[in-house]
Colleague: 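Sharing a structure with you now.
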Amino acid sequence: MRSRRMRQRCATMRAFNPPSAALRFALLAFAALTSVPDTATSAIAGELPAIASRQRTEKKSFTDAEIVDGFFKTAFGAEYHLAGRVDRIRKFDAPVRVFAETDRADRKAQLAKVVADIGKHVQHLDIAMTTTAEAANVRVKLVRDRDLYRTITSFYGAEKAREIRTSLDPQCLSGFRKNEQFEIEHSDVILTVDVSDFTFLDCAYEEVLQSLGPINDTSSVPWTMFNDNVSMGYFDVYDQYILNVLYDPRIKAGMTVPEVREVLPDVLADVRAWVKRVNELKE
């Protein structure tokens, strides 16, 4: 049985914490998944049959145009893509430290592997777990399904939580707040723990990656996990291209589309070499 994902487009909201003058925007990406049949109990992604089968058939060769198309559709706002409004690059401009708030040691270990895997495959991204909430700029709250809406309410308030519940049946969500220079200063991720390993990993990869900046969903790119109808459960090659372009030092927070296009040819050449090397690609 094929899983189907339903996701609300990112929305501009108030900040997670009471907003200050420097923190005026919060961008949210919500992911809701139906049940995913998966009898595997292994905590390691490569040992899950549902993931292994996807990796065997994964498309790994892309043209420059295919990579650029996906990058602009995910790294810039949906308003730009659909209505032509110029948006800005949003990314962390500092080391990313992830704190897991949970009493589930197994899920915390899985999340740590997800974070380590992202760090291994994104060349210029300094990301790692931290043991203290004070040192974190990404907080991942892992909750039981029965506590999900209580957690959402604590983050966004009762009215917004009701809107989320009536429009979606989410198992995970993420969002970030940025400053006036479009630098992400803090991200929050909520994941449910009492789901299958495949669903947990699929949510964890997508929401952690989106919390780093590529917040938009697109139904027109079939190779990205940021597509409503795509479930991965691992960090696929296509999305590695997107994140490596975003975190190249020449791509800066606050850049406009024309500014990105000006440096993109050189960036893409270097990103291709890195992704090929780190994945041991033949082409």
Side-chain angles (χ1 to χ4, degrees), residues 1-7 9 29 31 33-34 36-38 40 42 44-76 78 81 113-114 116-125 172 196-210 212-248 251 260-261 264-283:
M1 178 177 176
R2 184 178 178 181
S3 65
R4 176 172 176 80
R5 177 182 318 208
M6 299 176 293
R7 192 185 300 113
R9 287 189 177 274
L33 288 78
T34 57
V36 180
D38 187 354
S42 170
I44 301 174
E47 296 179 4
L48 295 179
I51 293 176
S53 64
R54 285 165 169 80
Q55 290 175 322
R56 284 194 298 270
T57 60
E58 177 188 359
K59 176 178 168 64
K60 297 181 179 179
S61 178
F62 303 95
T63 66
D64 286 355
E66 288 170 337
I67 296 169
V68 169
D69 181 53
F71 176 76
F72 280 113
K73 287 177 178 177
T74 57
F76 285 89
H81 174 62
K113 290 179 180 179
V114 167
D117 191 38
I118 292 170
K120 174 184 176 182
H121 289 93
V122 183
Q123 184 176 16
H124 297 290
L125 174 64
C172 47
S196 72
D197 284 332
F198 177 84
T199 299
F200 180 81
L201 291 169
D202 191 44
C203 278
Y205 272 106
E206 180 179 1
E207 300 306 332
V208 172
L209 289 171
Q210 288 200 310
L212 299 175
I215 203 80
N216 285 342
D217 298 325
T218 175
S219 61
S220 62
V221 180
W223 314 291
T224 177
M225 69 179 73
F226 310 134
N227 183 319
D228 291 358
N229 300 310
V230 175
S231 295
M232 293 289 190
Y234 66 99
F235 195 10
D236 58 291
V237 167
Y238 186 80
D239 289 316
Q240 289 180 40
Y241 280 121
I242 290 177
L243 268 296
N244 274 283
V245 170
L246 180 61
Y247 275 87
D248 186 278
I251 304 295
V260 171
R261 288 195 184 278
L264 199 52
D266 290 339
V267 170
L268 190 55
D270 291 344
V271 165
R272 276 195 175 280
W274 166 260
V275 172
K276 178 180 179 180
R277 183 165 64 252
V278 77
N279 290 281
E280 300 181 346
L281 300 179
K282 294 181 180 180
E283 296 182 9

Colleague: Would you call the rings of F62 and Y241 parallel, tilted or perpendicular if under 30° counts as parallel and over 60° as perpendicular?
Modeller: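 Geometry flag for Y241 against F62: perpendicular rings.
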Colleague: Return the minimal non-hydrogen interatomic distance between K73 and S220, and the atom names on each side.
Modeller: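 Nearest pair, atom of K73 first, then S220: NZ-OG, 2.8 Å.
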Colleague: What heavy-atom pair brings V230 and P222 nearest, and what distance separates the two atoms?
Modeller: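 In terms of heavy atoms, the two residues are closest at CG2-O, 3.7 Å.
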Colleague: Could you pull out the closest heavy-atom pair between V221 and G70, with the gap in Å?
Modeller: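 Closest approach of V221 to G70: CG2-CA, 4.1 Å.
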Colleague: Would a distance-only check, ignoring hydrogens and angles, find a side-chain to backbone donor-acceptor pair under 3.5 Å from T224 to N227?
Modeller: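 Checked: no pair found.
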Colleague: Look only at the side chain of W274 and the backbone of H121, and say whether a donor-acceptor pair between them is shorter than 3.5 Å.
Modeller: yes
Colleague: Do the side chain of N279 and the main chain of V275 share a donor and acceptor less than 3.5 angstrom apart?
Modeller: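 Answer holds: yes.
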Colleague: Give a yes or no answer on whether the side chain of N244 reaches the backbone of Q240 with a donor-acceptor pair at less than 3.5 Å.
Modeller: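 Yes.
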Colleague: Begin from the C-alpha positions of M232 and Y238 and carry the test side chain to side chain contact (heavy atoms under 4.5 Å, CB included) through to its verdict.
Modeller: CA-CA 11 Å; M232 293 289 190; Y238 186 80; over 6 Å; no
Colleague: Checking Y205 side chain against M225 main chain: does a donor-acceptor pair fall under 3.5 Å?
Modeller: no
Colleague: Shortest non-hydrogen contact from L212 to Y247?
Modeller: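 Of all heavy-atom pairs spanning L212 and Y247, the closest is O-OH, 2.7 Å.
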Colleague: Do other residues, nucleotides or ligands put more than 12 heavy atoms under 6.0 Å from the NZ atom of K120?
Modeller: no
Colleague: For S231, is there any backbone N or O sitting under 3.5 Å from a side-chain donor or acceptor partner on R54?
Modeller: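 Yes, the answer is positive, given that a donor and an acceptor are paired below the 3.5 Å cut-off.
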Colleague: Testing the basics here: between V271 and V245, what is the closest heavy-atom pair and its distance to 0.1 Å?
Modeller: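 Shortest heavy-atom contact: CG2-N, 3.9 Å.
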